[in-house]
2 protein chains.
Amino acid sequence: MGTPLPRDPIADARRNWEDHGWAEVAAPMAAITAIMRTQQILLARIEVVLKPFGLTFARYELLALLSFARNGSLPMKKASTLLQVHLTSITNAVDRLQDAGLVRRSPHPTDGRTTLVELTSEGRTLAKRSTTALNAEVFSASGFGPGDIDQLIRILGDFRRNAGDFMDS
Amino acid sequence: MGTPLPRDPIADARRNWEDHGWAEVAAPMAAITAIMRTQQILLARIEVVLKPFGLTFARYELLALLSFARNGSLPMKKASTLLQVHLTSITNAVDRLQDAGLVRRSPHPTDGRTTLVELTSEGRTLAKRSTTALNAEVFSASGFGPGDIDQLIRILGDFRRNAGDFMDS
DNA sequence: GCAATATACTAGGACATCCAATGGTCGGTG
DNA sequence: CACCGACCATTGGATGTCCTAGTATATTGC
C-alpha cells in the first residue's frame with residue numbers, strides 16, 4: 001500500500017473501545033479487525049502475482065480445485081460447496097474461465113440438472129504455472145513467523161469447525 | 001452457511017500440496033487460505049447484525065471511525081488512509097451514508113481540495129447503537145478460544161507491521 | 001510570480017459476492 | 001404414472017473494491 005502509518009489503527013481502535021466502556025470485547029474486536037486487514041493484504045499480494053496470468057484469486061481457486069479433482073472436472077454445485085461461495089459466484093467464474101479457454105462446461109452424463117466444469121489442457125497448464133508462481137512469490141515468504149503458522153492453522157481451524165464449516169477432527 | 005462439510009477442505013488442500021511436491025509451502029498456504037475463509041465467516045456474521053440498521057460493514061467502519069474523531073469529522077483522504085481502502089471506496093460509502101442522512105460533506109476551511117465528512121446526529125446515534133449490537137452479537141462471542149485471541153492479535157500484528165501497515169511497537 | 005508538480009476528490013469501468021427470482025430436471029409418494 | 005417438493009444453474013440487481021482518468025486546488029521551484 002502507501003506509506004506505513006505512524007501508529008497501528010487497530011491498536012487505536014482497541015483503545016477507543018476500552019475508553020468507551022467496552023473493555024470486555026475490545027480484544028476480540030481487535031482480533032477480528034486484524035483478520036479483516038490481514039486478509040486484505042494477502043489478497044492484494046496474491047492478485048499481483050496472478051495478474052500476469054490473467055487470473056483473479058476467485059478464478060485461480062476454481063482452477064486449482066479442478067486440477068486436483070480426479071478427472072479434472074466437477075459439478076458446479078460441488079465447486080460451490082468446496083470453495084464455500086455462492087453458486088452464482090461459480091457461474092460467474094466459469095463464464096470468464098470459459099471465455100479464456102481454460103475450462104469447458106459439459107452436461108452430466110446421468111443428471112440433467114447438473115453441469116460439469118472441466119479443465120482444458122490450457123487450463124491445466126495455467127493452473128500449474130500460476131500455482132508455481134504463488135508458491136514462490138507468496139506462500140514461501142508469507143510473512144508469518146515459522147512457529148506462528150502452525151498456531152494460526154490450529155486457531156483458525158478450531159474457529160472454522162466451531163463455526164460449522166466442517167465436522168471432522 | 002449450509003451444512004458442515006464432512007471434511008475440512010483446507011486440510012485437503014494442504015494434503016494436495018504435500019502430495020504434489022510443494023510440502024515446504026503447504027503449511028503457509030493452509031494458513032493463508034484459513035485466513036481468507038475466516039474473514040468470510042466473520043464478515044457474514046457482522047453483515048447480518050448490521051443489516052437491521054441499514055448498514056454494511058464498509059459503511060459501519062466509516063461511521064465508527066468518525067464517531068471517534070475529535071469533532072466527528074475527517075477529511076475523506078484521512079478516512080481512506082486510516083481504513084486502508086481506496087479513496088474511491090470512501091467516496092462511495094460517503095455517498096450512501098449521506099443519502100441516508102448519517103453523514104454530511106462540508107468544505108475544508110483552509111484547503112479547497114479537501115472535503116470533510118461529518119457525522120450528523122442521526123449518524124452518531126446509529127454508530128452507537130450498531131456498535132452496541134456488534135459488541136453483543138459478534139465480538140462478545142467471537143468463537144475464538146480465550147487464550148487464542150491474544151495470540152491472534154500478536155501474530156497478525158507482527159504480520160501487519162512486517163507488511164508495512166504501520167511502524168510503531 | 002508563474003509554470004510544473006503534487007494532492008484531493010469524483011466519475012466510469014472491471015470484477016467479485018450475495019440475494020431473489022426463474023426455468024428445468026429428479027424423485028418420492030400416492 | 002402423474003404430481004409436487006427438492007435440487008441445479010442462470011439471470012438481474014445491489015454493494016464494495018480497485019484502477020484509470022479527469023478536474024480543481026496547493027505547493028514548489030526557478
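Numbers restart at 1 for each chain; the letters A, B, ... are given by sequence-line order, proteins then strands.
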(Q) From the set D:dT11, D:dG16, D:dC8, return the single nucleotide nearest to any side-chain atom of A:Leu87. (A) D:dC8

Q.
Can you list, in residue-number order, the parts of residues 64-81 of chain B that come under 4.0 Å of DNA chain C, counting heavy atoms only?
A. B:Met76, B:Lys77

Q) Taking atom CG of A:Leu156 and atom CD1 of B:Ile10, what is their separation to the nearest 0.5 Å? A) 8.0 Å

**Q.** Between CD on residue A:Gln84 and OG on residue A:Ser89, distance to nearest 0.5 Å
**A.** 12.0 Å

Q) Would a 4.5 Å heavy-atom cut-off, applied to side chains only, mark A:Thr115 and A:His108 as touching? A) no

Q: Determine, for A:Arg105 against A:Asp95, whether the closest basic-nitrogen to carboxylate-oxygen distance falls under 4.0 angstrom.
A: yes

Q. OP1 or OP2 of C:dT10 less than 4.0 angstrom from a side-chain nitrogen or oxygen of B:Arg105, does that happen here?
A. yes

(Q) Heavy atoms from C-beta onward define the side chain here; which of D:dC19, D:dT15, C:dC19 lies closest to that of A:His86? (A) C:dC19

**Q.** Salt-bridge present (B:Arg14, B:Asp19; N to O < 4.0 Å)
**A.** no

Q: Please determine if a side-chain N or O atom of B:Arg96 lies less than 4.0 Å away from the OP1 or OP2 oxygen of D:dA14.
A: no

Q: Answer yes or no: is there a side-chain heavy-atom contact under 4.5 Å between A:Lys51 and A:Ile46?
A: no

Q) Once the angle between the rings of A:Trp17 and B:Phe68 is folded into 0 to 90°, is it parallel (under 30°), tilted (30 to 60°) or perpendicular (over 60°)? A) tilted

Cut-off 3.5 Å, no hydrogens considered: what does the side-chain donor-acceptor table look like for residues 145-153 of chain B, sequence neighbours left out?
from: B:Asp148; atom 1: OD1; to: A:Arg154; atom 2: NH2; distance (Å): 2.8

Q | Rounded distance (Å) that lies between atom C1' of C:dA16 and atom CD of A:Gln39 | A | 12 Å

**Q.** CZ-CG distance between B:Arg37 and A:Asp165, expressed to the nearest 0.5 angstrom
**A.** 4.0 Å

**Q.** Salt bridge A:Asp158-A:Arg161, side-chain N to carboxylate O under 4.0 Å
**A.** yes

Q: Check the distance between D:dC7's C1' and A:Ile90's CD1 and give it to me in whole angstrom.
A: 17 Å

Q.
Just the rounded figure in Å: distance from P of D:dT17 to CE of B:Met36.
A. 16 Å

Q | Phosphate OP1/OP2 of C:dC9: any B:Thr91 side-chain N/O under 4.0 Å | A | no

Q. Roughly, in whole Å, what's the span from CG in B:Asp99 to C1' in D:dA14?
A. 14 Å

Q | B:Arg37 CZ - C:dT17 C1' separation (whole Å) | A | 13 Å

**Q.** Phosphate OP1/OP2 of C:dA16 contacted by A:Arg59 side-chain N/O (<4.0 Å)
**A.** yes

Q.
Can you measure A:Asn92 atom CG to D:dG12 atom P for me and round it to whole angstrom units?
A. 13 Å

Q) In whole angstroms, how far is the P atom of C:dC19 from the CG atom of B:Leu43? A) 11 Å

Q. Less than 4.5 Å apart, any side-chain heavy atom of B:Glu118 and any of B:Val103?
A. no

Q. If you measure from OG1 on B:Thr132 to CD on B:Glu137, what distance do you get to the nearest 0.5 Å?
A. 10.5 Å

Q: Determine the contact category for B:Thr114: base if any of its heavy atoms lies under 4.0 Å from a base atom, sugar-phosphate if only primed atoms, P, OP1 or OP2 are that close, otherwise nothing.
A: sugar-phosphate

Q. Listed in order of residue number, which residues of residues 45-58 of chain A have a non-hydrogen atom at under 4.0 Å from DNA chain C?
A. A:Thr56, A:Ala58

Q) Minimum heavy-atom separation for A:Leu62 to A:Ala79, with atom names? A) CD1-CB, 3.9 Å

Q) Just to confirm, is there a sub-4.0 Å distance from OP1 or OP2 of C:dC18 to any side-chain nitrogen or oxygen of B:Gln40? A) yes

Q) Which of residues 125-136 of chain A have a heavy atom under 4.0 Å from DNA chain C? A) none

Q: Taking the side chain as every heavy atom from C-beta outward, state whether A:Lys77 and A:Thr114 have any pair of such atoms under 4.5 Å apart.
A: no

Q.
Please list all pairs meeting ring-ring contact (aromatic ring centres under 6.0 Å, His included) that have one or both residues in residues 35-62 of chain A, counting only residues at least two apart or in different chains.
A. none

Q | Nucleotide-resolved protein contact map, nucleotides 21-27 of chain C, B/S/- at heavy-atom distance under 4.0 Å | A | ---BBS-

(Q) Tell me the interatomic distance from A:Gln98, atom CD, to D:dA9, atom P, rounded to whole angstroms. (A) 13 Å

